[in-house]
Number of protein chains: 2
Amino acid sequence: MVKTAEHTVGERAEQAMYSFVDAYDRDYGAAATAFDLTVPQVCVLVRLRQPRTMGSLAVELECDASNITQIVNRLEARGLVSREEDPIDRRSRLLRLTREGLRIVRGFERAFTFARDAVGRLSPRETEELARLLRKARGPG
Amino acid sequence: MVKTAEHTVGERAEQAMYSFVDAYDRDYGAAATAFDLTVPQVCVLVRLRQPRTMGSLAVELECDASNITQIVNRLEARGLVSREEDPIDRRSRLLRLTREGLRIVRGFERAFTFARDAVGRLSPRETEELARLLRKARGPG
DNA sequence: TATTGTTATACTCTATAACTATA
DNA sequence: TATAGTTATAGAGTATAACAATA
């Protein structure tokens, strides 16, 4: 590994990754807070742009179904999400954004500017190259 | 913005960022869980490789001091961190990793392989370029 | 009087286990 | 009997406010 003055190239790259991920996550959290939402609540809401069941949310978010129940309870109490019975399988609940829920999701997406800003700081060529390198660095999986 | 078949370059780049950040965060969380630690606990422990006060931790982690108190209480109860009185300012507590705490931090750092693996998937030239683009994309701040 | 840290309180997330109602 | 979802419970993070000890 190529040594620079103090650090290896790999160490400097790892530091750059950490700094980028940290900035991304902070902006995401700040945008959620601006709408009085938690990050898990936003994760649910943005997925509900397409209606889904409790179970599919649990799979996608890789968390327990009882967890989803609690998060959706709070979103429903705030009038952002509705539960419908599925007439085909009456055990199942189909979740939808309410009009207000959609408004909040759109507001969040406007408020979360980090990724757009990042693209804005790069030339089109650099943007393509960053996307390629991120995908290669992330690897399969 | 240049259009491809379905998405703009910017949208594809934003998707690549999201996917990278998500993979980074998951691996970080999984490494913490492997040592029966939460992410906030790890954030405290890794900073304590250099001894610090409660207050400086609160500033660095941008959270309330009472929050730090609770996290440190749990780490101290597990014997991973010690509180010392500062003889100069007796209001202040100097926190240190115990021997066991240091062992856990090292174990975590070995278990958190995502950033190292990412570097391993790139050539040295690509690694340098990724670091440069991440820093430029992140911007000042 | 200001600062460092703690305690008390309340809300949220998360996981496990036990439960209901369907299938 | 198995599946979708809920309820009960407990540990942990987070923020605010009130507090103690010290400066």
Side-chain angles (χ1 to χ4, degrees), chain A residues 22 25-26 28-48 51-78 80-96 104, chain B residues 25-26 28-48 51-78 80-96 104 108:
Chain A
D22 187 52
D25 286 341
R26 280 150 175 281
Y28 198 93
T33 300
F35 288 88
D36 196 27
L37 294 168
T38 65
V39 167
Q41 284 167 357
V42 169
C43 290
V44 166
L45 287 179
V46 299
R47 276 171 182 77
L48 291 183
R52 278 166 167 75
T53 61
M54 304 291 290
S56 60
L57 273 180
V59 170
E60 288 166 35
L61 299 177
E62 295 182 65
C63 66
D64 195 85
S66 69
N67 194 343
I68 298 293
T69 296
Q70 291 211 42
I71 294 169
V72 169
N73 283 349
R74 287 167 192 132
L75 295 172
E76 191 182 29
R78 280 176 61 176
L80 306 183
V81 163
S82 69
R83 280 175 165 102
E84 289 173 25
E85 268 201 2
D86 181 341
I88 294 161
D89 183 343
R90 277 154 52 212
R91 293 172 304 182
S92 196
R93 309 270 166 201
L94 198 58
L95 305 172
R96 289 182 192 284
I104 295 282
Chain B
D25 287 341
R26 281 150 174 283
Y28 198 93
T33 300
F35 288 88
D36 197 26
L37 294 168
T38 65
V39 167
Q41 285 167 355
V42 169
C43 291
V44 167
L45 286 178
V46 298
R47 277 171 182 76
L48 291 182
R52 277 164 167 76
T53 62
M54 303 291 290
S56 60
L57 273 180
V59 170
E60 290 168 33
L61 299 177
E62 295 182 65
C63 67
D64 194 85
S66 69
N67 193 343
I68 299 294
T69 297
Q70 291 210 42
I71 294 168
V72 169
N73 282 350
R74 288 169 190 129
L75 294 173
E76 191 183 30
R78 280 175 62 175
L80 306 184
V81 164
S82 69
R83 279 175 166 101
E84 289 174 25
E85 267 199 4
D86 181 342
I88 294 161
D89 182 343
R90 277 155 50 213
R91 292 173 303 182
S92 196
R93 310 270 166 202
L94 198 59
L95 305 173
R96 289 182 193 284
I104 295 282
F108 169 82

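These numbers come from a predicted model, not from an experiment. Sequence lines set the chain letters: A, B, ... in the order given, protein chains first and strands last, and positions in each chain run from 1. Computation of the quantities below employed the complete heavy-atom set of this structure, encompassing side-chain atoms and omitting hydrogens, waters and symmetry-equivalent molecules.
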task = Return the value, rounded to whole Å, for the distance between atom CD1 of B:I68 and atom C1' of C:dT7.
result = 16 Å

ask   = Whole Å only: how far is the CZ atom of B:R78 from the C1' atom of D:dG11?
value = 12 Å

task = Quickly work out the B:L57 CG to C:dT6 P distance and round it to whole Å.
result = 11 Å

message = From CG of B:D36 over to P of D:dG11, roughly how many Å is that when rounded to an integer?
response = 13 Å

ask   = Say you draw a straight line from CG of A:L37 to CG of A:L80; how long is it, rounded to the nearest 0.5 Å?
value = 7.0 Å

task = Indicate yes or no: at least one non-hydrogen side-chain atom of A:I68 is less than 4.5 angstrom from one of A:D64.
result = no

ask   = Tell me, for nucleotides 14-23 of chain D in 5' to 3' order, what letter each nucleotide earns: B for a base near a protein heavy atom under 4.0 Å, S for only sugar-phosphate near one, - for neither?
value = BBB----BBS

message = Rounding to an integer number of Å, can you tell me how far B:L95 CG sits from C:dG5 C1'?
response = 11 Å

ask   = Rounded to whole angstrom units, what separation is found between the CE atom of A:M54 and the P atom of C:dA21?
value = 17 Å

ask   = Roughly, in whole Å, what's the span from CZ in A:R93 to C1' in D:dT7?
value = 14 Å

Could you write out each protein N or O paired with an N or O of nucleotides 18-20 of chain C at a distance under 3.5 Å?
none

ask   = Between B:L37 (CG) and D:dG13 (C1'), how many Å, whole number?
value = 14 Å

ask   = Which part of the nucleic acid, if any, lies within reach of B:S92 when heavy atoms closer than 4.0 Å are counted: base, sugar-phosphate only, or nothing?
value = sugar-phosphate

ask   = If each of B:N73 and A:T38 is mapped to the nucleotide of DNA chain C with the nearest heavy atom, which maps nearer the 5' terminus, i.e. the 5' end?
value = B:N73

